[in-house]
> 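To start, I am sharing the structure in question, which I have written as structure tokens.
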Amino acid sequence: MKTTIKILLLSGLIALMAFSCEKERQSANNQAEGKIIATFDRCYGYWVMIEVENPSGIGDTGSFTPPGGSKIKYKNAIGIPYFNRLPDVKTDAKDSIGTWLNFEYRNLTDTERHSPIFVDTSFKGICPDNIIPPEAKMYIITKIIDYH
């Protein structure tokens, strides 16, 4: 009887410790959360930059100062095409600065990597070579789970 009580108390203590510690929220595979911190068009391409909060390590670190703007610093930034260039993603979310997103993503296919999906084709051929977009790992959003 005493052994049974000790085992139950020990099990209860272990369970309490396991659930009382705050853990970093883990995202499902290819699921992320983040906020749009910049949008690009014209000579910088045609894409949206998201500072990813979770998971860490999927994006790039750096900074960028647009002409006439203030410096944008990022620690885990990814780039995605504007939502209207993603025909399989049906959403009312705005692809504008400040929009928070919970989304599923995937790597680019070879076809997408060499397509104009990230390019503003109306400016092709007239952009000077010294205009370089900021570094960001590029992905495709496959589903927007939540936004605000």
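Please read all numbers here as calculations on a predicted model, not as lab measurements.
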> How many angstroms lie between CD1 in Ile78 and NZ in Lys137, if you round to the nearest 0.5 Å?
10.5 Å

> Do you know the tightest heavy-atom contact between Thr65 and Gly69?
CG2-O, 3.6 Å

> Does a sphere of radius 6.0 Å around CG in Asn84 hold more than 12 heavy atoms from other residues, nucleotides or ligands, not counting ones at 6.0 Å or beyond?
yes

> Taking the six-membered ring where the residue is Trp, are the ring centres of Phe40 and Phe64 under 6.0 Å apart?
yes

> Please tell me if the side chains of Thr39 and Asp95 come closer than 4.5 Å, counting only heavy atoms from C-beta onward.
no

> How long is the span from the CZ atom in Phe118 to the CZ atom in Arg85, to the nearest 0.5 Å?
9.5 Å

> If every non-hydrogen atom of Asn107 is compared with every non-hydrogen atom of Glu112, which pair is closest and at what distance?
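Residues Asn107 and Glu112, closest heavy atoms: O-OE1, 4.3 Å.
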
> Kindly compute the distance separating CD1 (Ile37) from CD (Glu51), expressed to the nearest 0.5 Å.
5.0 Å

> Are any non-hydrogen side-chain atoms of Ile117 and Ile140 less than 4.5 angstrom apart?
yes

> Look at the side-chain heavy atoms of Ile, Leu, Val, Met, Phe, Trp and Tyr, link any pair under 4.5 Å apart, and say whether Ile131 and Ile72 land in one connected group.
yes

> Would you say Met49 ends up clustered with Trp100 if hydrophobic residues are merged whenever their side chains have heavy atoms under 4.5 Å apart, either directly or through other cluster members?
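Hydrophobic grouping puts Trp100 apart from Met49.
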
> Measuring from atom CD of Glu104 to atom CG of Asn29, what distance do you get when rounded to the nearest 0.5 angstrom?
10.5 Å

> With side-chain contact (heavy atoms from CB on, under 4.5 Å) as the criterion, how do Leu101 and Phe83 come out once you've worked through the C-alpha distance, each side chain's angles and the decisive distance to 0.1 Å?
CA-CA 12 Å; Leu101 299 166; Phe83 298 159; 3.8 Å; yes

> Any heavy-atom pair between the side chains of Thr91 and Tyr147 that's under 4.5 Å?
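SC-SC contact between Tyr147 and Thr91 confirmed.
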
> Side chains of Tyr105 and Ile58: does their closest heavy-atom pair fall under 4.5 Å?
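Yes - at least one pair of side-chain heavy atoms lies under 4.5 Å apart.
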
> Looking only at atom types and distance, does a side-chain atom of Asn76 sit under 3.5 Å from a main-chain N or O of Gly59, one as donor and one as acceptor?
yes

> With rounding to the nearest 0.5 angstrom, report the CG to CD1 distance, Asn102 to Ile145.
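Output value for this atom pair is 4.5 Å.
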
> Using modelled atom types and a 3.5 Å cut-off, is there a donor and acceptor pairing between side-chain atoms of Asn30 and backbone atoms of Arg106?
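Not a single qualifying donor-acceptor pair exists.
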
> Does Arg42 have more than 12 heavy atoms from other residues, nucleotides or ligands lying within 6.0 Å of its CZ?
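No, because the 6.0 Å sphere around CZ of Arg42 holds 12 heavy atoms or fewer from other groups.
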
> With side chains defined as the heavy atoms from C-beta onward, is the minimum distance between Trp47 and Pro133 less than 4.5 Å?
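Trp47 vs Pro133: side chains touch.
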
> Is there a side-chain contact between Tyr74 and Thr61 (heavy atoms, below 4.5 Å)?
no

> Please check if the side chain of Asn54 supplies one atom and the backbone of Glu33 the other of a donor-acceptor pair under 3.5 Å.
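No, Asn54 side chain to Glu33 backbone: no donor-acceptor pair under 3.5 Å.
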
> For Lys35, is there any backbone N or O sitting under 3.5 Å from a side-chain donor or acceptor partner on Glu53?
no

> How about Tyr46 and Ser122: do any of their side-chain heavy atoms sit closer than 4.5 Å?
no

> So if you build clusters from Ile, Leu, Val, Met, Phe, Trp, Tyr with side-chain heavy-atom gaps below 4.5 Å, do Val119 and Met138 land together?
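No, separate clusters.
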
> What distance separates Asp129 CG from Cys43 SG, expressed to the nearest 0.5 Å?
10.5 Å

> Determine, stepwise, if the pair Phe103 / Ile80 fulfils side-chain contact (heavy atoms from CB on, under 4.5 Å).
CA-CA 11 Å; Phe103 57 94; Ile80 61 156; 5.5 Å; no

> Report yes if the side chains of Ile36 and Ser96 come closer than 4.5 Å at any heavy-atom pair, otherwise no.
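SC-SC contact between Ile36 and Ser96 ruled out.
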
